[in-house]
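This report concerns only the one structure given below.
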Amino acid sequence: MSKILSQLIEALASGKVEVVDLTQPLGPDTPVIELPAIFGSSPGVTMEVISQYDDRGPAWYWNTLRLGEHTGTHFDAPVHWITGRDLPDNTCDTIPAGRLVGPACVIDVTEDVERNPDFLLSAERIREWESDHGKIPKGSWVLLRTGWSKRTTAEAFLNVADDGPHSPGFHANASRLLAEQRDVLGVGVETVGTDAGQAGGFDPPFPNHHTMHGAGKFGLASLCNLDRLPATGAVVLAAPLKIVDGSGSPLRVLALVESGE
Ligand code: 23J
Ligand code: MN
């Protein structure tokens, strides 16, 4: 066996490398994004029992699941946005598996978001992060740590006011820097989507989706436990279901972290 993988196996067994689950529970209580009423909306999760050790199946339990592709902790494929519609390998079933694993760069803006729920990460702030932690490597997952996953009720998590939702995200210049200059795999956030709550009113609307997916990059939404990751050094695995022509998918996002980091 290769030395690297045998070392990894040993480190996992001894606890020197830990698996951190960045995934929220998925069920009927999972909050779903609310778009303006003129647009189509994504349904919440419903589960219906097929059988549960009963006359419909005496020895087995299973459910039928109904949900939108973009529900709970989920993956955004490039085809999700009109800017990515004609790119090669832009759907859940065609993205090469090697593009789903990469180093994590975790940018902590929790204090900024405590002061301002509409906080936007700027390109300038990313460059400041890089002066502390080094340049974001090509093929990274850039994770925006906001503390938002600590909002455990749907009301606090979606944070909808009369003028729409309020939650943090990316300034357009940050998305452009990450997609065009740093060639990241994509970005991950703790909020319901990878754009800020107010981003429907930005120019262009939803600029992070516009830029990331137009560049063939991915999104991860509704992550948690980002406070258990070091700023650099973790490895993130984010593999969507291989849905044919799928625009996105709920998924289990896992991070490998060296303990003590
Ligand atoms: C559709 C329209 C706007 C947004 C979204 C979906 C998402 O956040 C998503 O889940 O991709 S902002
Ligand atoms: Mn999505």
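Every number for a ligand or one of its atoms is a count from 1 in the order of the listing. All of these numbers come straight from a predicted model, not from anything done at the bench. Here, residue 1 is the first one in the sequence, and each next residue gets the next number.
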N, O or S atom within H70 nearest to the Mn ion (ligand 2), by name: ND1
Residue pair R182, E130: steps toward the salt bridge (Lys or Arg N to Asp or Glu O under 4.0 Å) verdict: CA-CA 11 Å; R182 294 296 179 271; E130 288 184 322; 2.7 Å; yes
2.8 Å cut-off met by an N, O or S atom of E69 to the Mn ion (ligand 2): no
Same apolar cluster (I L V M F W Y, side chains within < 4.5 Å links), L143/M212: no
Partners passing salt bridge (Lys or Arg N to Asp or Glu O under 4.0 Å) against E124 (at least two apart in sequence or in another chain): none
Single hit among S249, S247, S222 for side-chain hydrogen bond (donor to acceptor under 3.5 Å, both in side chains) with H70: S247
Mutual orientation of the aromatic rings belonging to W129 and H133 [parallel < 30°, tilted 30-60°, perpendicular > 60°]: tilted
When you check ligand 1 against the protein, what N or O pairs turn up below 3.5 Å? List the atom names and distances, or just say none.
| from | atom 1 | to | atom 2 | distance (Å) |
| --- | --- | --- | --- | --- |
| ligand 1 | 10 (O) | H70 | ND1 | 3.4 |
| ligand 1 | 10 (O) | H74 | NE2 | 3.1 |
| ligand 1 | 11 (O) | H70 | ND1 | 3.3 |
| ligand 1 | 11 (O) | D76 | OD1 | 3.4 |
| ligand 1 | 11 (O) | D76 | OD2 | 3.4 |
| ligand 1 | 11 (O) | H80 | NE2 | 2.6 |
| ligand 1 | 11 (O) | H209 | NE2 | 3.0 |

From CA spacing to verdict: salt bridge (Lys or Arg N to Asp or Glu O under 4.0 Å), D21, R252: CA-CA 8 Å; D21 191 351; R252 194 78 178 248; 2.7 Å; yes
Distance-only donor-acceptor check, side chains H210 and N208, under 3.5 Å: no
Metal proximity, H80 vs the Mn ion (ligand 2), N/O/S cut-off 2.8 Å: no
Nearest heavy-atom neighbours spanning A179 and T211: CB-CG2, 4.2 Å
Metal-centred angle, NE2 of H74 through the Mn ion (ligand 2) to OD1 of D76, rounded to 10 degrees: 100°
